[in-house]
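Structure, as structure tokens:
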Amino acid sequence: DEKSFPLTLMRVKPFTGRTHQIRAHMASIGLGIVGDPIYGQPELFPWCPRLFLHCRRLCLMDFDGQETVIEAPLPSDLREALRSLKR
């Protein structure tokens, strides 16, 4: 008998900070991140192989004021985790 948990896929846009701050804040408001071994219960989500947190886009400003944008698609292991929910 598998338990059911409401899940929400969110886009979070921190202006400053680090991954840990995102994790701590989300957990503090009762919205822990799937697979988080520190603030969550990863054993409740065996379909997810790791922390479901991904930086899709990073914007950096160099010393001359030029912006560099780096983008990365969702990794295949996390895409597969999402697909497994649709089955």
Side-chain angles (χ1 to χ4, degrees):
D1 186 29
E2 191 173 320
K3 290 185 178 182
S4 177
F5 297 93
L7 300 171
T8 302
L9 185 60
M10 299 177 69
R11 178 179 292 172
V12 180
K13 293 183 176 184
F15 293 103
T16 63
R18 304 206 184 287
T19 299
H20 172 80
Q21 292 168 327
I22 296 168
R23 294 164 60 197
H25 179 73
M26 296 304 290
S28 77
I29 60 172
L31 299 171
I33 298 172
V34 167
D36 192 333
I38 295 174
Y39 296 102
Q41 296 176 298
E43 66 277 1
L44 296 178
F45 306 100
W47 49 267
C48 188
R50 63 180 177 92
L51 177 67
F52 203 114
L53 184 62
H54 172 67
C55 179
R56 183 185 69 84
R57 185 173 190 213
L58 183 63
C59 299
L60 304 169
M61 192 75 64
D62 69 18
F63 293 113
D64 297 322
Q66 295 293 319
E67 184 178 73
T68 299
V69 177
I70 302 166
E71 294 189 352
L74 191 65
S76 60
D77 60 341
L78 297 182
R79 282 195 316 268
E80 182 55 36
L82 284 178
R83 273 195 291 272
S84 75
L85 293 175
K86 295 179 180 179
R87 292 182 195 141

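Counting from 1, the numbers follow the sequence of the chain as shown. Here the structure is a predicted model, which is why all the values come from computation and not from measurement.
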Going from CH2 on W47 to CG on L82, what distance comes out if it is rounded to the nearest 0.5 angstrom? 7.0 Å

Taking every non-hydrogen atom, the tightest pair across E43 and P46: O-CD, 3.8 Å

What heavy-atom pair brings G65 and M61 nearest, and what distance separates the two atoms? O-SD, 3.0 Å

Could you list who else is in F63's hydrophobic cluster, with ILVMFWY side chains joined at under 4.5 Å, directly or through other members? none

ILVMFWY cluster membership beyond L60 - transitive side-chain contacts under 4.5 angstrom: L58, I70

What pairs with M10 under side-chain contact (heavy atoms from CB on, under 4.5 Å), at least two apart in sequence or on another chain? T8, V12, M26

Would you mind writing out the side-chain donor-acceptor pairs for residues 28-38 within the sub-3.5 Å range, not counting sequence neighbours?
{"residue": "S28", "atom": "OG", "partner": "H25", "partner atom": "O", "Å": "2.7"}
{"residue": "D36", "atom": "OD1", "partner": "R23", "partner atom": "NE", "Å": "3.4"}
{"residue": "D36", "atom": "OD1", "partner": "R23", "partner atom": "NH2", "Å": "2.7"}
{"residue": "D36", "atom": "OD1", "partner": "I38", "partner atom": "N", "Å": "2.9"}
{"residue": "D36", "atom": "OD1", "partner": "Y39", "partner atom": "N", "Å": "3.2"}
{"residue": "D36", "atom": "OD2", "partner": "R23", "partner atom": "NE", "Å": "2.9"}

Under the side chain to side chain donor-acceptor pair (under 3.5 Å) definition, can you give me all pairs with a residue in residues 52-69, not counting sequence neighbours? R57-E71

For R79, give me all partners under side-chain hydrogen bond (donor to acceptor under 3.5 Å, both in side chains), at least two apart in sequence or on another chain. none

